[in-house]
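Take a look at the structure below.
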Amino acid sequence: MKKMFWKPSILILLAGCWFAAATLHIPFAAADDARSVSVILDKIPVQDSGRIKPFESFARENVLQVTGKSSYEHLPPSLLVWLWIANPDEWSNTPLLKISYPVLQERFSSDLVKHRLAPGLVLADLDFGKEVRSIQEKNNREEKLTKLEQEKLSLYHRARLFQAISHGQFPGFMPHPDDPTLGWLPLEIFGMDNAQSFIGNLYPVDYFDSAKNAFFYMLGRLREGNMALALSSTEAFAKELKSLLASRDIVLDQSKINLELQYLQLKPFRLASLFYFLGALAFFFGPREKKKWASAAFTFFVTGFLLHTYGFALRVMIAGRPPVSNMYESVIWVAWGVVLFAGILWLVYRSPAIPAIASMVAALTLLIGESLPAVLDPSIKPLVPVLRSNYWLTIHVLTITLGYGAFLLNWGIAHALMYQMSFGKKQKKSAEPLTEFLFRTLQIGIIFLSAGTILGGVWAAESWGRFWGWDPKETWALIAILAYLAVLHARSAGWLDTFGVAFYSALCFLTVIMAWYGVNFVLAAGLHSYGFGGGGFPYVSIVIAIDVLVINYFAWRFKNT
Amino acid sequence: MKFIGLLFKFFASFRCAVILIVMLALTVAGGTLIESAYGTTAAQVFIYRTPWFGLMLLLLALNLFASAVDRWPWQKKHVGFLATHLGIILLLVGSFLSQQFGTEGQLTIQEGTTESRMTLQNPYRPLIEVLSPSTKERWTYSLQTHPLTWEGRIMLKADERERFQVTLLRDYPLALREEKVVEAKDGLPALHIHLSGMMADSDEWLIRDHEERGQILLGPAAIRFTSEPFQEEQPVVKDNGRLKFVWENGKIVYFPLHNENISKDIPLGNTGYTINIHDIFRDAVVEGNELKNKSDAWRNPAVQFTLTKDGNLERHTVFSNFPDFPTIHGRNPDQSAFKAVYEGPSGGGIQAAKNELRFLLDHDGKLVYESKHGDDIIKDQVHLGESQATGWMDFHFVVDQFFPSGQIEVDYVPLPPISKQKGAVPVVQVEITDGKITKQVWLEQGIAQLIPFGHGSLHAFFGLQTVPLGFQVELKDFIMDTDPGTNRPAAFKSEVTLKDPAAGVKRDQMIQMNEPLKYRGWKVYQSAYRLHPNNGPDISIFTVAKDPGIVLKYLGSIIIVLGIALLFYVRSLSSLKASDPKLRRK
């Protein structure tokens, strides 16, 4: 391990990219009072999308939906939402909705402010309303929509979402005292003239009235914009709301709410990504002779892994289910698998090359997972019925994705090995450890992917009556297994040398990407439809194209030197 | 002999394995692309169910087997290798058994009913049935499905000596029914209107007095093409209500049930029929074999009448509350060319909407319109191709086509097989001939069609084969749970009773996701559901399957996974080259 794998210039470039991407998403600190107001409001439990969550969670998801960005003018999301509620008319005429689709930008070019459009303008535009209605009709007939039509519909929905939230139509704040699984009453109820007679059946009217007064008093202060004054009124409202619920003995599990707040504020995966990255820097840049550098690198690596694991544990506790529901969770889980397998291999081989490569790969994977919230939705949602309360199905998905993790680590090792063989000195010996790790990760990947795929077959046979049906998701898992098996057999047949194995196993990762992402986001066919989504295709294609170029450059250099 | 030896060596070689693995991977990758572009059926028909794909898997099995034999005599280190490779063979054999001898069907049950037949899930071999209602004879023609939109001519074979020759002309995996209005003799007046308003634009055909195509309803407004102008609008229904006869071409004839019309032979419009009203019941109940009046309140109004034409007599009983009840006695209802509806004293007649546009024909057969806004009524001529104002809600209309006599022509427009459009159905067009008469008809999958054929008629049906289960399943209740505060389904389950009278079995069970009902080698899985829109009985859909290969598949799976583990991680049972121990520091 005398030779460094990477040229410093590549690393500095990557470091620059990382920080640019990471800082884009850090909201700037707001004024102190505004912060305190939002801290109080953040904690209020609300019912939304089928589960109970802190208001902050609701606010973040919906600010992202409505504005298209995770924050607006550096305001904390929950404060922003409360300002909407306090002054719906003014905000309705504020350019909030970010439009990034060029044709749509052109359509609203005269009304756009910094590519943003006021929701009120969208809803007041009669011609646009007519277009949207005809698109909706088309959508109801389940005809395929064009990209422009999808964008128009989405813009309209965002404007409507803003309207519904700013008028307090959801989320729910007050549960039905006898059955909290029913839809909770939203804030809107405070403004209704006939609310008293209706609410009388649910809550004591005097409690309701004090909550209502506190609500309107708070809205008044928020409208004035003086956060110092608003602070006490916010506290009063939170207190009144709590005692309203307490008047009917409703006690919500605050510990779970606190867990979720902790999760939201800690951003464990972003933090883990940072630590992995620092670890990778220390591994690659640190002078090898100095023990301090090595232990620093390991500390970063292990801290990253602990944060990563802790984040996962929090998420599992909040959602009350294993993390297998969507693309975002699988990306996080695969990155975890990379580090886990790297740790195990390190215990066997004690080679710093393994954690070095793993921390680089995991940092990049987590960064991708965290930086595309519109494609990889990080919000916590209830599971679809097919995935619910099924132990074996969960095991099946987790096993398969761990296999992806092993192959992702294998991909990283293959690149390192190719770099070493094409740029490093022509010493045969130095390539040996990496070759060994390459085969080991291949083996881990094959056993996990095969076992996971077979478990999927068993589960399908037990619940649908068929073991194998050439469903695209299972077929692509099989193709990935076959691809890696072909590489192993071709090696035995004498068709591939060490470099060839590295080259082709790096290419084989494309089949994993296809099984993992492509089937759901590109093919969009088959039975695994709960994971279907859209978007991100250009990014993925570009990344794949670059990777294929890099691999071929290695091969060209390897042959010509 | 030498050749066979060489062939065996090749089959046992790594090179053969690589070639087969890569070919298989490329083929099934192609299969998923076909599935994504043309649908599951196309992928199955073009790839997975082809003989050459079977051959490829057979070659793979041979390769695995040869490579195992080639290592004979086996040693301890071969255990891992043998387990993985022979495990795959077991898995392949199991899959072959399932494909050849397994059965998969679909069971659709409505709440409160019992079902004993399942639809075979073999969309690759659907069938066409032709039934003669007069002789009760039935001929079944099987055909091979076309996964892509197909047009051509294929003579279909019947299972026994056929009286009709059926030729397949078109086979659309998915198509949309399209109704066009064309000019035709003996039709009804029809017009094409373009509406534009603040909320919506729309284009529609309107056919005078047609049940479905006679009006456009837009919430508080309506547009109608009718023979009833506003001013003559009175409570249409007097004393006993009226009978409404709807012909297949949309023609409608009304017959008022005045007391003075009872027990008299009266011509029914210009239809050639003579009608005689026997009895009008206000609260009909069946006693013995007869209808009786239970009370004088209009609770269950019914009419008994006879129709005579060309010496043929039809006796009908029509219930006002049950318009879909078969009405005719002694003959098949489909032999009647029309549907009779009794609009009792409380129903019927057209209620004018608050804002309404009516198209009418004046005495000279010219198209005119009346527009009503509240209590104001405007009347004017319709000018073809010109935009005219309705006077309400800023609505404008253009009548761009008008046929004094037109009729609906049905056609099907093929869609891509992966289309998810609502209303898209699989449909075939066939030609049925008995040598003298030839008819071309469209048959939608799963819907029986009545075809007037010479003097009589035929029934034709295009669909999947159904077979008896051997036991019965009753759906007692279908239950869907939702996520708190939403309409999103969280879980669905069916409460069923399994009944096998022959074996004396009667058992209650809950079938839900991942919890099938097991009985005599069959498994019944919850697979889908259809909720009734207004609290009526829901429908639950189950998959029924029998899989004789399952044991081998499970066994093979376990052996494969164990084998991989042995091969990679147990040195003494593995033939793989061990890694350099020097690489393991400490």
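Below, read A as the first sequence line, B as the second, and so on, with proteins coming before strands; counting in each chain starts at 1.
Interface check for chain B: of the options A/G172, A/A483, A/A493, A/A480, the most heavy-atom pairs under 4.5 Å are formed by A/A493. Note on A/I454, A/I446, A/L478: by heavy-atom pairs under 4.5 Å with chain B, the leading option is A/I454. Counting heavy-atom pairs under 4.5 Å between each of B/G549, B/G102, B/A29 and chain A puts B/A29 at the top. With chain B as partner, the option from A/N140, A/L455, A/D179, A/L485 having the largest number of non-hydrogen pairs under 4.5 angstrom is A/N140. Per-residue heavy-atom pair counts under 4.5 Å with chain B were compared for A/F170, A/W495, A/F467, and the maximum is reached by A/W495. Interface check for chain A: of the options B/A25, B/S527, B/A545, the most heavy-atom pairs under 4.5 Å are formed by B/A25.
Contact annotation for A/I444: both backbone and side-chain heavy atoms come within less than 4.5 Å of a heavy atom of chain B. Looking at B/F542, neither its backbone nor its side chain comes within 4.5 Å of chain A, counting heavy atoms on both sides. Using a 4.5 Å cut-off between heavy atoms, B/Q44 contacts chain A through its side chain alone, with no backbone atom that close. Proximity to chain B (any heavy atom under 4.5 Å) is shown, for A/S49, by both the backbone and the side chain. Looking at B/A565, both its backbone and its side chain come within 4.5 Å of chain A, counting heavy atoms on both sides. Contacts between B/I558 and chain A at a heavy-atom distance below 4.5 Å are absent for every atom of the residue. Only the side chain of B/Y554 has a heavy atom closer than 4.5 Å to any heavy atom of chain A. Proximity to chain B is absent for every atom of A/S134, based on heavy atoms less than 4.5 angstrom apart. Heavy-atom distances place both the backbone and the side chain of A/I447 under 4.5 Å from chain B.
For the pair A/E436 (side chain) and A/L438 (backbone), a donor-acceptor distance under 3.5 Å is absent. Side-chain atoms of A/E474 come within 3.5 Å of backbone atoms of A/G469 as a donor-acceptor pair (strictly under, hydrogens ignored). In this structure a side-chain-to-backbone donor-acceptor pair under 3.5 Å is present from A/T441 to A/F437.
Residue A/I354 holds its CD1 atom at 5.0 Å from CG of A/L345, rounded to the nearest 0.5 Å. With rounding to the nearest 0.5 Å, the separation of CG in B/L176 from CZ in A/R141 is 9.0 Å. Atom-to-atom distance recorded for B/Y519:OH and B/L469:CG is 11.0 Å, nearest 0.5 angstrom.
Annotation: A/W470 is in aromatic contact with B/F53 [ring centroid separation under 6.0 Å].
With 3.5 Å as the limit, one finds no donor-acceptor pair spanning the side chains of B/E104 and B/T543. Side-chain polar atoms of A/Q443 and A/R440 form a donor-acceptor pair below 3.5 angstrom. B/S95 and A/W468 share no side-chain donor-acceptor pair at under 3.5 Å.
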